[in-house]
Amino acid sequence: MIDPHTLRRIAQNLQPQLVSWRRDFHQFPELAFQEERSAAQIVEALKRSQYDPITGIAQTGVVASIEGLQKRPRVMLRFDMDALPIKESTGAAYASQIDGVMHACGHDGHMAIGLGVARALKEIQDELPGSAVLLFQPAEEGAGGALRMISEGVLDSVSADYAVGFHLWNERPLGWLGSSRSASMAGADRIYIKLSGKGGHGAQPHLAHDPILAAAHLITALQTVVSRRVDPLEPAVLSITQIHAGDAFNVIPDQVDMHGTIRTFSRERRESILNDVEQIIKKQAESFNCQAEMVVKEISPPLVNDPHAVDCILDHFARCAPDLAVDPDFQVLGSEDMAFFMEQIPGFHFFLGSSNPEKGLDAAHHNPGFDFDESVLSEAVYLCVQAALALMEA
């Protein structure tokens, strides 16, 4: 077993470089599949650390591998790269220089941590009991980066026995870690509903088939899917988040367009909810002499941890990071396309607390004021490497 004190010292010594990497990424954020500068910076840093990275996977993805004493077990560590179309309001000295785009979810930190993990693994390469693959993924924020990497054959080249992923989590303080022995994050679907009726004058509603009225009743009816058809002890969400109709104050429109999302922790529950939604949409529309269409786009399946990997790593953390406040039953209904990788590779995904309210660094993810305490960077490097070592030694 590699001395944890040595590994922690390696991670802590990297802290100034981690901050420098993170702030550089933060100042130059890039949206999904546009992470060209970020990828170039990653490739340059990996080469300086004596890696031979593979580039251009899913357009901007980067993969690099390292072998220790044996080729197996082989652990894939994944780090996402993309930013969000949000105008930053932090006022930080390292704030985004790209108008209307910012790293509001911590992916700038994830990339820096990935480079730190690469460097730390190099320093202990002669003692590594297995091998590792570092995967820098584009387009995590709903644009299908993981699925595209898989479709381009990345898992064949990675050939991993285990996968490790993580997310900095600003809803919890420094020193906290959350995970689950089952589903850690929800599967997510985007739904589009079109209600078609018969338009008319607002003063003569009896001559129209009003899709706005149908939509109002439909939204209310859809709330019964989770509240009345799902076990109250089972988490699920159905939210209608957009509704668009009409152009004039005195005209009943022909059509209403609605958008929303469904979140579930199992594919079985997903299918039952989608069936219920489709049935309710059809019946409600008919009751108002309207027609309905529904289109469903899967964003990601549930992110399901492998119980063996979770037990192995959390037991390892108890020895090498005993001060961590670990929540072993943590789940969120947010989604994460790491789930596509973990459908095919058994793995472990965890959340690491990154907020510091005393410094005002506790804004929520996807918020214009989002920022985190950078002291989490070296701790994340340490824990990612320890998670890989735990699986190599399993």
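Just so it is clear, the values below take in all heavy atoms, side chains as well, and ignore hydrogens, waters and symmetry mates. Bear in mind the structure is a predicted one, so any value in this text is a computation, not a measurement.
By the 4.5 Å heavy-atom criterion applied to side chains, Phe288 and His209 are not counted as neighbours. Contact check for Leu31 versus Glu141: no side-chain heavy atoms found under the 4.5 Å cut-off. The closest side-chain heavy-atom distance from Ile281 to Val277 is below 4.5 Å. Residues Ile191 and Ile262 meet the side-chain proximity criterion, which asks for heavy atoms closer than 4.5 Å. Contact check for Leu361 versus Ser354: no side-chain heavy atoms found under the 4.5 Å cut-off. The closest side-chain heavy-atom distance from Phe341 to Leu135 is below 4.5 Å. Using a 4.5 Å heavy-atom cutoff, the side chains of Val237 and Val226 are not in contact. When side chains are defined from C-beta on, Val63 does not count as touching Leu134, because their heavy atoms never get closer than 4.5 Å.
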Quiz prompt | side-chain hydrogen bond (donor to acceptor under 3.5 Å, both in side chains) between Ser266 and Arg269, worked out | solution = CA-CA 5 Å; Ser266 73; Arg269 179 53 66 195; 5.6 Å; no
Practice problem: Mind running side chain to side chain contact (heavy atoms under 4.5 Å, CB included) on Asn170 and His365 for me, showing each step along the way? | Solution: CA-CA 7 Å; Asn170 243 32; His365 295 262; 3.7 Å; yes
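For Glu36, the CD atom counts as loosely surrounded, since its 6.0 Å shell holds 12 or fewer non-hydrogen atoms of other residues, nucleotides or ligands. For Glu278, the CD atom counts as loosely surrounded, since its 6.0 Å shell holds 12 or fewer non-hydrogen atoms of other residues, nucleotides or ligands. Other residues, nucleotides and ligands place more than 12 heavy atoms under 6.0 Å from the CG atom of Asn250.
No side-chain N or O of Gln291 forms a donor-acceptor pair with one of Ser196 less than 3.5 Å apart. A donor-acceptor pair shorter than 3.5 Å can be found between the side chains of Thr60 and Glu35. A donor-acceptor contact closer than 3.5 angstrom is absent between the side chains of Asp329 and Gln331. Under the 3.5 Å distance criterion, with hydrogens and angles disregarded, no donor-acceptor pair is assigned to the side chains of Tyr94 and Asp108. The closest side-chain donor-acceptor pair between Ser355 and Asp373, if any, does not fall under 3.5 angstrom.
A salt bridge links Glu152 with Arg148: at least one charged nitrogen is closer than 4.0 Å to a carboxylate oxygen. Residues Asp24 and Arg37 are paired through a salt bridge, judged by an N-O separation under 4.0 Å between the basic side chain and the carboxylate. Between Asp371 and Arg22, at least one side-chain nitrogen of the basic residue sits less than 4.0 Å from a carboxylate oxygen of the acidic one, meeting the salt-bridge criterion. Remark: Asp99 engages Lys87 in a salt bridge, criterion side-chain N to carboxylate O under 4.0 Å. Of the charged side-chain nitrogens involved, at least one lies within less than 4.0 Å of a carboxylate oxygen, so that Glu336 and Arg78 count as a salt-bridged pair. Comment: Asp257 does not engage Lys194 in a salt bridge, judged by the lack of any side-chain N to carboxylate O separation of less than 4.0 angstrom. Ion pairing of Glu271 with Arg267 is absent here, as no side-chain N (NZ or NE/NH1/NH2) approaches a carboxylate O to less than 4.0 Å.
In the hydrophobic cluster analysis, where Ile, Leu, Val, Met, Phe, Trp and Tyr join through side-chain heavy atoms closer than 4.5 angstrom, Phe25 is grouped together with Leu168. Grouping the Ile, Leu, Val, Met, Phe, Trp and Tyr side chains by contacts below 4.5 angstrom, directly or via other members, places Ile299 apart from Ile240. Neither Phe351 nor Val326 shares a network with the other; the hydrophobic side chains, linked directly or stepwise wherever heavy atoms of I, L, V, M, F, W or Y lie under 4.5 Å apart, form separate groups for each. Cluster membership check: Val164 does not share its hydrophobic cluster with Val158, using side-chain heavy-atom separations under 4.5 Å among Ile, Leu, Val, Met, Phe, Trp and Tyr. Cluster annotation: Leu77 is connected to Val43 through the hydrophobic network of ILVMFWY side chains, with a link wherever side-chain heavy atoms come within less than 4.5 Å.
A donor-acceptor pair is defined here as one N or O able to donate and one able to accept, closer than 3.5 Å; such a pair exists between the side chain of Ser179 and the backbone of His349. Of the possible polar contacts, one joining the Arg263 side chain to the Leu333 backbone as a donor-acceptor pair under 3.5 Å is found. Side chain of Asp161 to backbone of Pro73: no donor-acceptor contact under 3.5 angstrom is found. Side chain of Ser239 to backbone of Thr241: no donor-acceptor contact under 3.5 angstrom is found. The closest donor-acceptor contact from the side chain of His26 to the backbone of Ala95 lies at 3.5 Å or more, if one exists at all. No donor-acceptor distance shorter than 3.5 angstrom exists from the side chain of Ser184 to the backbone of Leu303, with no hydrogens or angles considered. Although no hydrogens or angles enter the test, the distance criterion places a donor-acceptor pair under 3.5 Å between the side chain of Asn356 and the main chain of Glu358. Without hydrogens or angle criteria, Glu298 side chain to Asp189 main chain gives no donor-acceptor distance under 3.5 Å. With hydrogens and angles disregarded, no donor-acceptor distance shorter than 3.5 Å links the side chain of Glu343 to the backbone of Ala339. When atom types are taken as modelled, the side chain of His366 and the backbone of Ala104 share no donor-acceptor pair closer than 3.5 angstrom.
Among Gln34, His103, His107, the one residue that satisfies the side chain to side chain donor-acceptor pair (under 3.5 Å) test with Asp82 is His107.
When all heavy atoms are compared, the tightest approach of Glu140 to Asp80 is CG-OD2, 3.5 Å. In terms of heavy-atom proximity, Gly61 sits nearest to Pro138 at CA-CD, 3.7 Å. For the pair Met294 and Val296, the tightest heavy-atom approach, listed with the atom from each and the gap, is CE-CG2, 3.8 Å. The shortest non-hydrogen separation linking Ala215 to Ile243 is CB-CD1, 3.9 Å. The minimum heavy-atom distance linking Gly369 with Ser89 is given by the pair N-OG, 3.5 Å. Smallest separation of non-hydrogen atoms from Pro211 and Ile252: CD-CG2, 4.2 Å.
Both the sub-6.0 Å distance and the 45° axial angle are satisfied by Lys122 relative to the ring of Tyr51. The cationic atom of Arg181 (NZ for Lys, CZ for Arg) does not lie both less than 6.0 Å from the six-membered ring centre of Phe348 and within 45° of the ring axis.
The aromatic rings of Phe79 and Phe166 sit perpendicular to each other, their planes meeting at more than 60°, with 30° as the lower class boundary. Between His308 and Tyr162, the ring-plane angle classifies as tilted under the 30° and 60° cut-offs. Using cut-offs of 30° and 60° for the angle between ring planes, the Phe330 and Trp176 rings count as perpendicular.
Rounding to the nearest 0.5 Å gives a distance of 10.5 Å between CZ of Phe370 and CG of Asp362. The CG atom of Asp306 sits 8.0 Å away from atom CE of Met342, with the distance rounded to the nearest 0.5 Å. Taken from OG1 in Thr220 to CD1 in Ile280, the straight-line distance is 11.5 Å, to the nearest 0.5 Å. Between the CD1 atom of Ile273 and the CG atom of Leu222 there is a distance of 11.0 Å, given to the nearest 0.5 Å. Distance check, rounded to the nearest 0.5 Å: CG of Leu46 to CZ of Arg119 gives 9.5 Å. Here the CZ atom belonging to Arg74 is positioned 10.5 Å from the CD1 atom belonging to Ile66, to the nearest 0.5 angstrom.
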For residues 377-394, tabulate all N or O donor-acceptor pairs below 3.5 Å that involve a side-chain atom, not counting sequence neighbours.
residue, atom, partner, partner atom, Å
Ser378, OG, Gln15, OE1, 3.3
Glu379, OE1, Arg8, NH1, 2.7
Tyr382, OH, Cys320, O, 2.7
Tyr382, OH, Gln386, NE2, 3.2
Gln386, OE1, His316, NE2, 2.7

